[in-house]
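Since the structure comes first, as structure tokens, the remarks are kept for the end.
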Amino acid sequence: ATLTLGIAQAQTPDLSDPPAIEGDVVADHGSHTIRMGIGLAETSPQYLSSQYFADILEQRTDGRITVNIFPNSQLGDDVQMMEMLQTGTLDMTYPSTSPATTYVPELAVFDLPFLLPTREAAIAVMQSDVAQSMLDAFDGSGIKALTFSENGYRQLSNSARPVESPEDVAGLDVRGLTVRTMENPVHLSIWETLGANPTPMAFGELFSAMEQGVVDGQENPWSTILTSNFHEVQDYGSETRHVYTPFILMMSERTWERLDPEYQELVQEAARQSAEYEIQLATEYDDWSRDQLEERGMQITRLDDEQIAAFQEAVQPVYDEWGPRIGEDLIAEIQAIVAETTND
Ligand code: TK8
């Protein structure tokens, strides 16, 4: 037997309990078992809020709707699971917006670096009419997009060296970092612009790619870095906050169409409630996860405003390249929502 020494480490921060489930049991419209595949681990806000989504449906249908959640990309990655929704071989999934831009190109606005400076601004954007129209734009694709929630501010981690400037990413006398990106061209452009060697890859393959040295690093919110145990293979973290990516909770249109309208309404309501809870959990996780990673031996570099500005300036070409393609009007609309939150 292995003798474990040291202090037991908490698996999660002090998390808010899910809000009490309110509302009557709806009429009997038959029984449904829903399979949901997600990318992240059982300790993640994504999983915990999905569990809450399942609880709401189960309670309000007196157990007629059950949702079974399959975590850790065990059913596939974001791209594959969206395709499974289209063919009807999977009922639900919870991808990042970035790989979903193949369905709704406007979602790429979320991939623009340093667009959403605060969580408050990000939430206002996700709750806006323009964001709702992006969800509606999935209609007819085989995917019913139910709600946005938070993946979060993305931070760089790597196994090669501390990073506090774009020059550290590019490497002056050494080679640029090999950074895994999501399967999304704007992210590719960000890391190319910074002088890295970006490699798009499915999230489920990332841990072993880092373990085997296929890539030096990756970028994800602190909570994902922690709950996916990336600190076991990544010595350095930098608080870059370069992109805020949402998640989208989605259902196969085939599954959606099999549900009675009253069940559909309930699913939509449960999705919104669980998204609100997810954002709360993600918020509670964020700084706590960074501190936990530090305690577990990751060397974390905090960047001051000037250092962040250096990154922001370095990625300006990404706006020049992608602004016209994503749509300057759309970007301006998002920036106006952001400005409203910072003014009051
Ligand atoms: C989880 C993914 C993931 C995302 C990524 O399925 O791929 O880096 O941030 O967390 O959506």
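Indexing begins at 1, ligand by ligand and atom by atom, following the structure's order.
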Aromatic ring centroids of Tyr277 and Tyr47 under 6.0 Å?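 Aromatic pair excluded; centres sit 6.0 Å or further apart.
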Are Arg35 and Phe70 in a cation-pi setup, meaning NZ or CZ lies under 6.0 angstrom from the ring centre and within 45 degrees of the ring axis?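 Yes, Arg35 and Phe70 form such a contact.
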Got a salt bridge between Arg60 and Asp55, using NZ or NE/NH1/NH2 to carboxylate O under 4.0 Å? no
Who are the residue neighbours of ligand 1 when the rule is a heavy atom under 4.0 Å from any of its atoms? Gly39, Leu40, Asp78, Ser96, Asn151, Arg154, Arg180, Met182, Phe203, Asn220, Phe247
Could I get the full list of ring-ring contact (aromatic ring centres under 6.0 Å, His included) partners for Phe138, not counting sequence neighbours?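 In terms of ring-ring contact (aromatic ring centres under 6.0 Å, His included), with neighbours along the sequence ignored, Phe138 is linked to no residue.
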Of the non-hydrogen atoms in Glu278 and Tyr94, which two are nearest, and what is the gap between them?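 The pair with the smallest heavy-atom distance is CG-OH, 4.0 Å.
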Would a distance-only check, ignoring hydrogens and angles, find a side-chain to backbone donor-acceptor pair under 3.5 Å from Gln264 to Trp256? yes
